[in-house]
Amino acid sequence: MSLELISLELIQEIAHQYGYWAVFGGILLENTGIPIPGETITLTAGFLAGSGELDYKWVLASAMAGAVIGDNFGYWIGYYGGWPLLTRIGRLFRFKEEQLIDVRDRFAENAPKAVILGRFVALLRIFAGPLAGTVRMPYFNFLLCNLLGAGLWASATVSAAYFAGQLVPLEQLVTWVAQSAFVVLALLIGWFGLTYWLEHRNVAKQVEPLE
């Protein structure tokens, strides 16, 4: 779900009215696998902290707690719901099953990095927990990566909104963050595509008949 479906004005109203609970709930639901703009809610709360309306440390704590608990919910949903559930969720984003299979296999190969760094990419932030459960990533490893990723992401997001929010309008800040997330996603897709092509090229060379 994006800002086109939920306006920034509505998000600001929610953040004003519910404060830290809005941050906690928004991030928790997003990391569980529900496509709501949790990151925008967090940016808005960080912006409000920069203007003195909220407390920085409580915004940060709320974002971290929501991220950790939400991803844990997502992990167990993926663990018990498995592949059928993930394919149904994928259809909401118009992903073909072949694409999801490739994502699943790539995720399994790079699960720790994906859980940590996936926080900074909107779609991965939504799918990381369920995917980790689906591929049966060891729970203790997932928990450590989850804690580390949540700490890095929450610190970067809340701090950026807190400090930059004192210099630029909230609308501009949200736009910059969204654009940077799309750049990161494009780079990841390009990297996966390149590695996939190289692997298949090497396999093709190995099976070429000898003359």
At their closest point, which heavy atom of [X] faces which heavy atom of [Y], and how far apart are they?
| X | Y | answer |
| --- | --- | --- |
| V115 | M137 | CG2-SD, 4.0 Å |
| V59 | A49 | CG2-CB, 4.3 Å |
| G78 | T134 | O-OG1, 3.5 Å |
| A150 | M64 | O-CG, 4.0 Å |
| G129 | F142 | CA-CE1, 4.2 Å |

Check: [Y] and [X] side chains under 4.5 Å, non-hydrogen atoms:
| X | Y | answer |
| --- | --- | --- |
| L152 | R119 | no |
| P112 | N141 | no |
| L43 | V158 | no |
| I41 | I27 | no |
| F120 | W153 | yes |

Could you measure the distance from the [atom1] atom of [X] to the [atom2] atom of [Y]? Nearest 0.5 Å is fine.
| X | Y | atom1 | atom2 | result |
| --- | --- | --- | --- | --- |
| D71 | N146 | CG | CG | 4.5 Å |
| L143 | N72 | CG | CG | 6.0 Å |
| L54 | L48 | CG | CG | 5.0 Å |
| L10 | T40 | CG | OG1 | 11.5 Å |
| Y162 | S155 | OH | OG | 14.0 Å |

Count the heavy atoms of every other residue, nucleotide or ligand shown that sit under 6.0 Å from [atom1] of [X], and state whether that count exceeds 12.
| X | atom1 | result |
| --- | --- | --- |
| W76 | CH2 | yes |
| Y79 | OH | no |
| E53 | CD | yes |

- Query: With sequence neighbours left out, what residues match Y18 under side chain to side chain donor-acceptor pair (under 3.5 Å)?
  - Reply: none
- For Y20, the side chain to side chain donor-acceptor pair (under 3.5 Å) test, sequence neighbours excluded, returns none
If Ile, Leu, Val, Met, Phe, Trp and Tyr residues are connected whenever their side-chain heavy atoms lie under 4.5 Å apart, and connections chain through other members, are [X] and [Y] in the same group?
| X | Y | result |
| --- | --- | --- |
| W21 | F73 | yes |
| L117 | L148 | yes |
| L131 | L144 | no |
| F140 | I116 | no |

- Message: Using ring centroids (six-membered ring only for Trp), state whether Y75 and Y139 fall under 6.0 Å.
- Response: yes
- Can you check side chain to side chain contact (heavy atoms under 4.5 Å, CB included) on F24 and I69, steps first, answer last? CA-CA 9 Å; F24 174 77; I69 296 173; 3.9 Å; yes
